[in-house]
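In what follows, a structure is listed as structure tokens, so that the remarks can point back to it.
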Amino acid sequence: SGIPATVNTYSAFLSVFNIIGETVTAFNLERPLVSQVEYLIVAGGGPGGVAGGDCLSAQGGGGAGGMTTGTFAITSGTYTIIVGAGGARGADVGNNSVFTSSVATSIVAFGGGRGGAFKGAGVAGGSGGGGGGRITVPGGAGVVGQGFAGGASRDGDTGGASAGGGGGGAGGVGAKG
């Protein structure tokens with residue numbers, strides 16, 4: 001992302017890291033005071049559907065960024081945290097958030113899926129994007145354990161207003177349009 005990494009050295013593990021925004025941070029841990037740490041990692045949300053088609057249709061909402069929690073054993077080493085930003089207009093998904101280490105497996109929260117455009121299905125992601133309006137199309141799938149699918153859109157061709165589906169989230173499937 002073009003952002004230089006910041007490297008800090010700690011002699012003890014800080015109790016809480018609160019890193020917000022698209023950031024790359026690296027830190028060296030020399031003597032951890034704890035052996036296990038809890039983590040909560042959230043990725044960037046997906047963009048909404050891009051307008052197209054006719055003025056009577058609505059686009060699907062972008063899916064929430066995936067969320068993952070857990071614990072892992074911490075040891076001395078270098079740790080890098082990348083916080084993913086929300087998806088830019090026209091992108092398929094939001095940016096992943098990643099926790100990597102020189103001594104452990106990477107942990108990834110996947111970016112949310114884009115909402116569907118005119119008559120288009122939502123895109124899969126950490127949580128799926130909602131389906132695009134005008135006809136009934138499905139929302140995108142969510143990543144198991146990180147988020148739910150986006151909601152389907154509502155058909156406007158059979159009378160009534162068309163509506164895009166809501167993006168999925170960590171707590172449930174997106175609303176039907």
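Note that the numbering runs from 1 along the sequence shown for the chain.
Between D155 and R134, the closest side-chain pair of non-hydrogen atoms is not below 4.5 Å. Under the 4.5 Å side-chain criterion, counting only non-hydrogen atoms from C-beta, Y39 is in contact with T68. By the 4.5 Å heavy-atom criterion applied to side chains, P47 and R114 are counted as neighbours.
When all heavy atoms of S127 and A170 are compared, the closest pair comes out as OG-N, 4.0 Å. Heavy-atom minimum distance, A43 versus S97: CA-OG, 3.4 Å. Between A163 and G177, the closest heavy-atom pair is CB-C, 3.5 Å. Nearest heavy atom pair, residue G164 against residue A58, reads N-CB, 3.5 Å.
A distance of 12.5 Å separates CD of Q59 from NZ of K119, quoted to the nearest 0.5 Å. A distance of 9.5 Å separates CD1 of I41 from OG1 of T69, quoted to the nearest 0.5 Å. Taking OG of S101 as the start and CZ of F72 as the end, the distance is 7.0 Å to the nearest 0.5 Å.
Side-chain atoms of T71 never come within 3.5 Å of backbone atoms of E38 as a donor-acceptor pair (strictly under, hydrogens ignored). In terms of modelled atom types and a separation under 3.5 Å, the side chain of Q146 and the main chain of V108 share a donor-acceptor contact. In this structure, the side chain of S153 engages the main chain of I135 through a donor-acceptor pair within 3.5 Å. The main-chain N or O of G111 is found under 3.5 Å from a side-chain atom of N96 such that the two form a donor-acceptor pair.
V83 and V42 fall into different hydrophobic clusters, where Ile, Leu, Val, Met, Phe, Trp and Tyr residues are linked whenever their side-chain heavy atoms come under 4.5 Å apart, directly or through other members. Neither M67 nor V98 shares a network with the other; the hydrophobic side chains, linked directly or stepwise wherever heavy atoms of I, L, V, M, F, W or Y lie under 4.5 Å apart, form separate groups for each.
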